[in-house]
**Student:** 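This is the structure, below, for whatever I ask next.
Just so you know, residue 1 is the first one in the sequence shown, and it goes up from there. Everything numeric in this text was worked out from a predicted model, so none of it was measured.
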Amino acid sequence: MSYLSVFLAALAGYGMGAIWYMTLAKPWLAAVGKTQEEVQSNRNPLPFIIAFICNLVVAGMMSHVFSSGGITGLTSGLISGLGAGMCLAAPWIITNYAFADRPKPLWFIDVGHTILACTAIGTVLGLFM
């Protein structure tokens, strides 16, 4: 496992999340029942730090799985990352949100982020494998 590739993949996943949630800020705020003023008044950096650490964990584990499974190259990394997001991560989010009775728009926003972030992480890792 290359620590540089894991770090760059984590940055890609984190960046994908930033783009995704900036693009969908208004629907996300509505789904979680908050206003922009409420979110901006609480400028706690901890969620951003946690998010990056979680991206590192995912990228590290995906790197291990890719290495063990012989997944190499851009296309294989992209497809494997997409599969990990769609078939491993997304179902758990959907299950948790179903039991918590979270608003359906939030399901799609958060699951979409998970799938795209895993795809980005897989793509970057594939470039290095």
Side-chain angles (χ1 to χ4, degrees):
M1 164 179 21
S2 160
Y3 292 114
L4 177 61
S5 66
V6 169
F7 181 78
L8 293 175
L11 278 177
Y14 188 84
M16 183 60 70
I19 293 166
W20 183 255
Y21 284 107
M22 283 191 294
T23 302
L24 297 172
K26 287 183 183 179
W28 182 84
L29 286 168
V32 296
K34 294 187 182 279
T35 66
Q36 189 163 354
E37 292 76 27
E38 286 176 298
V39 172
Q40 287 179 338
S41 69
N42 182 16
R43 293 268 180 180
N44 183 0
L46 188 60
F48 298 96
I49 295 166
I50 290 170
F52 186 72
I53 291 169
C54 289
N55 274 275
L56 277 172
V57 169
V58 170
M61 189 62 201
M62 284 177 68
S63 177
H64 170 72
V65 170
F66 283 18
S67 179
S68 298
I71 297 166
T72 60
L74 176 88
T75 304
S76 292
L78 186 148
I79 292 169
S80 297
L82 177 65
M86 287 180 64
C87 301
L88 296 174
W92 291 116
I93 294 171
I94 292 168
T95 299
N96 292 335
Y97 282 18
F99 278 102
D101 198 26
R102 303 289 286 169
K104 298 292 187 299
L106 190 60
W107 295 29
F108 296 109
I109 293 168
D110 290 349
V111 166
H113 160 252
T114 299
I115 293 168
L116 289 175
C118 284
T119 303
I121 289 169
T123 301
V124 171
L125 289 175
L127 289 171
F128 286 91
M129 311 277 297

**Student:** When rounded to the nearest 0.5 angstrom, what is the spacing between CG in L125 and CG in L74?
**Tutor:**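 L125 atom CG to L74 atom CG measures 11.5 Å (nearest 0.5 Å).
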**Student:** Backbone N or O of E38 within a donor-acceptor pair of the S41 side chain at under 3.5 Å?
**Tutor:**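 Yes, because the side chain of S41 sits within donor-acceptor range (under 3.5 Å) of the backbone of E38.
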**Student:** Taking L78 as the starting point, is it possible to reach W20 by hopping between hydrophobic residues whose side chains are less than 4.5 Å apart?
**Tutor:** no
**Student:** Tell me whether M86 is reachable from F108 by hopping between hydrophobic residues (I, L, V, M, F, W, Y) whose side-chain heavy atoms are closer than 4.5 Å.
**Tutor:**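 Cluster IDs for F108 and M86 differ.
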**Student:** What is the distance from atom OG1 of T95 to atom OH of Y97, rounded to the nearest 0.5 Å?
**Tutor:** 12.0 Å
**Student:** Heavy atoms only: give me the nearest V6-G60 pair and the separation to one decimal.
**Tutor:**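 Smallest interatomic distance, heavy atoms only, reads CG1-N, 3.6 Å.
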**Student:** Using 30° and 60° as the class boundaries, would you call the ring planes of W28 and Y21 parallel, tilted or perpendicular?
**Tutor:** perpendicular
**Student:** Working to the nearest 0.5 angstrom, can you tell me the gap between C118 SG and L88 CG?
**Tutor:**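 With rounding to 0.5 Å, SG (C118) is 8.0 Å from CG (L88).
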**Student:** Going only through I, L, V, M, F, W and Y residues with side-chain contacts under 4.5 Å, is there a path from V65 to L82?
**Tutor:** no
**Student:** So, does S63 use its side chain to make a donor-acceptor pair with the main chain of A59 at under 3.5 Å?
**Tutor:** no
**Student:** Is P27 close to I109 at the side-chain level, that is, under 4.5 Å between some pair of heavy atoms?
**Tutor:**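 They are in contact (side-chain heavy atoms under 4.5 Å apart), so the answer is yes.
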**Student:** For the atom pair CG (L29) and CD (E37), what is the distance rounded to the nearest 0.5 Å?
**Tutor:** 9.0 Å
**Student:** Are M62 and V58 side-chain neighbours, meaning at least one heavy-atom pair lies under 4.5 Å?
**Tutor:**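 M62 reaches V58 side chain to side chain.
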**Student:** Sub-3.5 Å donor-acceptor pair from the side chain of S5 to the main-chain atoms of S2, do we have one?
**Tutor:** yes
**Student:** Hydrophobic clusters here meaning ILVMFWY residues chained together by side-chain heavy-atom distances under 4.5 Å, can you tell me if V111 and L24 are in one?
**Tutor:**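 Yes: a chain of side-chain contacts under 4.5 Å links V111 to L24.
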**Student:** Enter the distance from F128:CZ to L8:CG here, rounded to the nearest 0.5 Å.
**Tutor:** 5.0 Å
**Student:** Are C54 and I50 side-chain neighbours, meaning at least one heavy-atom pair lies under 4.5 Å?
**Tutor:** yes
**Student:** Looking at every non-hydrogen atom in both residues, tell me the closest pair between P91 and G85 and how far apart they are.
**Tutor:** CD-O, 4.4 Å
**Student:** Are any of the side-chain heavy atoms of I93 and W107 separated by less than 4.5 Å?
**Tutor:** no
**Student:** So Q40 and T35, do their side chains get closer than 4.5 Å, heavy atoms only?
**Tutor:** no
**Student:** Would you indicate whether the side-chain heavy atoms of I71 and M129 approach each other to under 4.5 Å?
**Tutor:** no
**Student:** My understanding is that only one of N55, I53, I121, I19 makes a side chain to side chain contact (heavy atoms under 4.5 Å, CB included) with Y14; could you say which?
**Tutor:** N55
**Student:** When rounded to the nearest 0.5 angstrom, what is the spacing between OG1 in T75 and CG in L127?
**Tutor:**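 One finds 9.5 Å between OG1 of T75 and CG of L127.
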**Student:** For residues H113 and G13, report the shortest heavy-atom separation together with the two atoms involved.
**Tutor:**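 So the minimum-distance heavy-atom pair works out to NE2-O, 4.5 Å.
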**Student:** Kindly say whether the aromatic ring centers of F52 and F7 come within a distance under 6.0 Å.
**Tutor:**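 Yes, they do, as the ring centres are separated by less than 6.0 Å.
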**Student:** Is there a path of hydrophobic side-chain contacts, each under 4.5 Å between heavy atoms of I/L/V/M/F/W/Y residues, joining I79 to M16?
**Tutor:**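 They do not share one cluster, since no chain of ILVMFWY contacts under 4.5 Å joins M16 to I79.
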